[in-house]
Number of protein chains: 2
Amino acid sequence: MIKYIGQTRILVAVDCIIFGFDGFDFKLLLIQRGFAPEKKKWSLMGGFIQPEETLEVAANRVLMQLTGLKDVYLEQLQSFSGPDRDPVERTIAVAYFALIDIHKYEKQISHEYHAEWFLLKDMPQLIFDHQEMVELAKKRLRYKAALHPVLFELLPDKFTIPQLQALYEGLYETEFDKRNFSRKILSTGLLVKQNEKDKEGSRKGAFYYKLDKRKYSENFQAFLKFIPNPDKFLV
Amino acid sequence: MIKYIGQTRILVAVDCIIFGFDGFDFKLLLIQRGFAPEKKKWSLMGGFIQPEETLEVAANRVLMQLTGLKDVYLEQLQSFSGPDRDPVERTIAVAYFALIDIHKYEKQISHEYHAEWFLLKDMPQLIFDHQEMVELAKKRLRYKAALHPVLFELLPDKFTIPQLQALYEGLYETEFDKRNFSRKILSTGLLVKQNEKDKEGSRKGAFYYKLDKRKYSENFQAFLKFIPNPDKFLV
DNA sequence: ACAAAAGTGTTCGTTCTACACCCATGC
DNA sequence: GCATGGGTGTAGAACGAACACTTTTGT
């Protein structure tokens with residue numbers, strides 16, 4: 001199976017930046033590395049690509065191993081290729097970021113990896129170039145969420161508008177005007193109001209909404225500037 | 001240097017999607033593959049990553065080999081990892097797209113690779129999954145150019161507004177209103193009007209403009225929706 | 001004098017932003 | 001009855017889209 005002669009073959013790993021949102025804060029799922037080097041240091045969950053796997057399959061496998069979840073939002077972020085990024089042996093890492101509903105996770109946690117959720121604002125130091133990966137993932141997610149309704153992936157089936165707003169505010173580390181926010185969100189037509197209220201957050205209670213899944217997938221690509229009718233072109 | 005035991009090492013290549021614009025049409029620089037398999041078929045320019053190289057360095061090297069150009073706009077597109085994408089041996093490809101000033105190229109062409117420019121709309125069949133890479137690169141470029149002034153990378157030092165408009169129209173395969181287009185472009189403040197005119201395209205002649213390089217790098221990230229003042233957040 | 005492309009302004013509708021009060025409820 | 005967070009409306013500014021005529025010059 002080795003046929004291109006004189007070329008160097010190297011290890012290829014996937015690393016997953018796993019985002020969650022607990023209703024108040026953005027969080028990241030990290031593991032405590034179980035083997036040297038950097039044993040016991042915090043790290044992204046990762047794994048080497050196997051002979052018959054694509055990177056996507058490998059990333060989904062790694063995510064499944066840690067969280068027990070399938071069909072998670074997963075997007076290729078970038079490849080990292082510094083020749084010395086892994087001190088043991090040259091390894092190219094392809095980073096993926098995942099958005100999961102943190103509540104679905106909590107019930108299925110695998111203890112094998114000593115995984116823990118950390119506040120995005122208050123993370124431990126990470127091994128290798130994982131810090132850089134997280135920074136890039138954050139940037140990419142901010143970018144993406146400004147244009148596409150991707151953050152719903154972090155929410156449970158039913159959620160309230162104040163929760164949604166807290167989610168956006170967490171990501172952008174700022175506050176938004178709630179009148180303008182809810183108007184904008186509702187004007188997308190993606191949300192379906194429920195009759196039930198969430199009474200956790202306040203005495204009055206906030207109405208639950210559900211995502212209109214059909215409109216969500218149809219309208220996932222949307223919004224722009226610079227070009228007259230940009231939506232047309234950005235399929 | 002082999003220390004992670006039991007893992008498979010594989011080849012990693014970079015492939016470059018090289019865009020150019022000749023004043024009228026979008027073009028792609030392809031090479032005729034000089035070795036089996038698929039010898040003589042058209043292909044993207046690529047190469048295997050070398051032991052001490054990052055992917056970025058490898059992509060720049062490959063681009064330099066073909067075009068003689070350095071300091072070219074180059075952006076990582078995505079990794080392609082189908083286990084059988086290269087029939088010879090498993091290879092992961094990291095695709096990069098490059099934007100070059102086609103006029104700078106023409107003087108330095110290397111004949112070694114039998115390279116040729118093809119109209120983007122009228123391309124030959126490509127080997128492996130290169131077609132898919134090109135499609136994705138086109139999509140990404142459309143997306144990016146709708147938000148950021150990246151297309152200037154394709155133009156020579158001096159260019160006219162009608163040329164610029166033709167460039168945008170080529171990418172989006174549509175026509176724009178020239179009054180709105182020039183107003184929008186000029187309102188960015190990125191262009192500096194020259195006294196000289198280009199008389200090629202018309203009797204009246206069109207004024208040349210140059211890019212204000214400082215403002216260009218400062219304002220490269222810009223424009224949005226969904227979030228009140230998105231520019232603030234998308235650094 | 002005419003053909004061909006360059007250049008420029010206005011109006012209208014939509015969207016964005018800033019801003020303040022009432023409502024429902026549990027204690 | 002009051003404290004807490006939920007929910008809603010409006011006015012002014014900025015932006016985006018549609019649209020047509022004049023200018024320059026080479027032949």
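Source: prediction; values computed, not measured. To find a chain, count down the sequence lines: A is the first, B the second, and so on, and within it residues start at 1.
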Mind calculating the distance between [atom1] ([X]) and [atom2] ([N]) to the nearest angstrom?
| X | N | atom1 | atom2 | answer |
| --- | --- | --- | --- | --- |
| B:F181 | D:dG16 | CZ | P | 14 Å |
| B:D177 | C:dT10 | CG | P | 16 Å |
| A:Q194 | D:dG6 | CD | P | 18 Å |
| B:K199 | C:dA4 | NZ | C1' | 13 Å |
| A:E169 | D:dG5 | CD | P | 14 Å |
| A:F207 | D:dG5 | CZ | C1' | 14 Å |
| A:I161 | C:dC23 | CD1 | P | 20 Å |
| B:E175 | D:dA18 | CD | P | 14 Å |

Problem set entry | Pair A:Y73-A:H148, ring-ring contact (aromatic ring centres under 6.0 Å, His included): steps then yes or no | CA-CA 13 Å; A:Y73 183 89; A:H148 307 285; over 10 Å; no

For this session: Classify the ring geometry between A:F159 and A:F152 as parallel (under 30°), tilted (30 to 60°) or perpendicular (over 60°).
Result: tilted

Exercise. What is the ring orientation for A:Y168 with A:Y172, classed by angle as parallel under 30°, tilted 30 to 60°, or perpendicular over 60°?
Worked result: parallel

Problem set entry | Any donor-acceptor N/O pair, B:S217 side chain to B:K213 backbone, under 3.5 Å | yes

I'd like to know if [X] reaches the base of [N] with its side chain, counting only an N/O donor and acceptor under 3.5 Å.
| X | N | value |
| --- | --- | --- |
| A:R183 | D:dG9 | yes |
| A:K178 | D:dG7 | yes |
| A:R179 | C:dA20 | yes |
| A:K204 | C:dA24 | no |

Exercise. Taking the nucleotide of DNA chain D with the closest heavy atom to each, which residue, A:R203 or A:N180, is nearer the 5' end?
Worked result: A:R203

For this session: Examine C:dA6: is either OP1 or OP2 under 4.0 Å from a nitrogen or oxygen in the side chain of B:K197? Give yes or no.
Result: no

Problem set entry | Atom pair CG/NZ of A:D198 and A:K204 - distance to nearest 0.5 Å | 13.5 Å

Problem set entry | Nearest-nucleotide comparison on DNA chain C, the residue closer to the 5′ end among B:S182 and A:S202 | B:S182

